[in-house]
Amino acid sequence: MATTLRIASWNINSVRARIDIVERFLREEAPDILCLQETKVADPLFPEGPFRQLGYNHIVINGQPMHHGVAILSKVPLANRQAHDWQANGEARHVGVELRGGVRLENVYVPAGGDIPDRNENVKFGQKLDFLARMTEWSGSLSAPTILTGDFNVAPLETDVWSHKQLLNVVSHTPIEVEALGGLQAAGKWVDLAREFVPPQEKLYTWWSYRAQDWETSDRGRRLDHMWVTPDLKDKAVGHKTHKPCRGWGKPSDHVPIVTEFRI
DNA sequence: ATGGTCGAACATCGA
């Protein structure tokens, strides 16, 4: 019998610095599973206690000191942990698990890619494109029904950024990245769930820079965080929410959580 | 056109 499963994803920009708002989010929203990116903590120092106290006893982490790092915190069992190194440089940017019914949940933190959108001038941009290329290759070989979520660091649609024109040459919305993400999406026949629930004509953001004087008034956001599924799961998704108020909480992340409700 | 802010860890890098 199908039951409800609510899966959240949040780039937290240090899980230790933001443990208070993570707890608040889990108390208020109570998703079954939370995927975190940018945990910025080595595995032995990961703060499991607060999660366990809230009933998230199934914990799968892939961290490293200082930078990057991903984690899956869950109230329901997780099996068959896998971690891909899609950048082939040892950075902790992916962890995946199997859920009930053989559904795979893949949590990814795509490299931001530096400031200059040219792989000849900027190694990081090349690494970002290579990462997406390896994900594309992987996408073509999937057999299980799969949920792919996380910080993709690409805002593909014109309505995924505050100004398409002004961001054409800004890493995250350049045509070369949008094309790379499109190739990835096509290779896995991935369904962009947020856009199943919010029409592509409507502006939708998940990230607002720390550098704005007033993020809410200027509203210069981008939709960098995504929840994609293989076609067999498309109709299992019954709701999707972007938690914009979290951007206004004390000591916020620059990203807000997204939550999708499935009947699986 | 430019600079604006965070966290980790303690100068600077990555975002």
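No experiment lies behind these values; they were computed from the predicted model shown. We name chains A, B, ... by the order of the sequence lines, and we start the count at 1 in each one. As a basis for the values below, the full set of heavy atoms in this structure was taken, side chains included, without hydrogen atoms, waters or symmetry mates.
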Would you tell me if any nitrogen or oxygen in the side chain of A/S209 comes within less than 4.0 Å of OP1 or OP2 on B/dT5? no

Tell me: CD of A/Q64 to P of B/dG7, nearest whole Å? 19 Å

Using the ring pair (Phe, Tyr, Trp, His ring centres under 6.0 Å) criterion, which residues pair with A/H94? Sequence neighbours excluded. A/H84, A/W86

Under 4.5 Å between any side-chain heavy atoms of A/T39 and A/I61, yes or no? no

Could you state the CZ-P distance from A/R220 to B/dG3, rounded to the nearest angstrom? 16 Å

Non-neighbouring partners of A/H68 that pass ring pair (Phe, Tyr, Trp, His ring centres under 6.0 Å), sequence neighbours left out: none

Using the P atom as the reference point in each nucleotide, state the distance between B/dT5 and B/dA9 in Å, no decimals. 22 Å

Measuring only the C1' atom in each nucleotide, how far is B/dC10 from B/dG14? A whole number of Å is fine. 16 Å

Side-chain (A/R104) to main-chain (A/T146) donor-acceptor, under 3.5 angstrom: no

What is the distance, rounded to the nearest whole Å, between atom CD1 of A/I19 and atom P of B/dG7? 14 Å

Integer angstrom distance from the P of B/dA1 to that of B/dT12: 29 Å

Find every protein N or O atom lying less than 3.5 Å from an N or O atom of nucleotides 13-15 of chain B, and list the pairs.
{"from": "B/dA15", "atom 1": "OP1", "to": "A/R93", "atom 2": "NH2", "distance (Å)": "2.8"}
{"from": "B/dA15", "atom 1": "N6", "to": "A/R211", "atom 2": "NH2", "distance (Å)": "2.5"}
{"from": "B/dA15", "atom 1": "N1", "to": "A/R211", "atom 2": "NH2", "distance (Å)": "3.1"}

Take the protein atom CG of A/N169 and the nucleotide atom C1' of B/dA1, then report the distance between them rounded to whole Å. 15 Å

Using atom P in both nucleotides, what's the gap between B/dA8 and B/dT2 to the nearest angstrom? 31 Å

Does the side chain of A/T3 come under 3.5 Å of the side chain of A/R100 through a donor N or O and an acceptor N or O? yes

Between atom CZ in A/R247 and atom C1' in B/dT5, what is the gap in whole Å? 9 Å

Is A/R247 salt-bridged to A/E216, going by a charged N under 4.0 Å from an acidic O? no

Cluster check A/F262, A/F197: I/L/V/M/F/W/Y, side chain < 4.5 angstrom: no

Pick the C1' atom in B/dA11 and in B/dC6, then give their distance to the nearest Å. 16 Å

Just call it for A/R18: base, sugar-phosphate, or nothing, with non-hydrogen atoms closer than 4.0 Å on any strand. sugar-phosphate

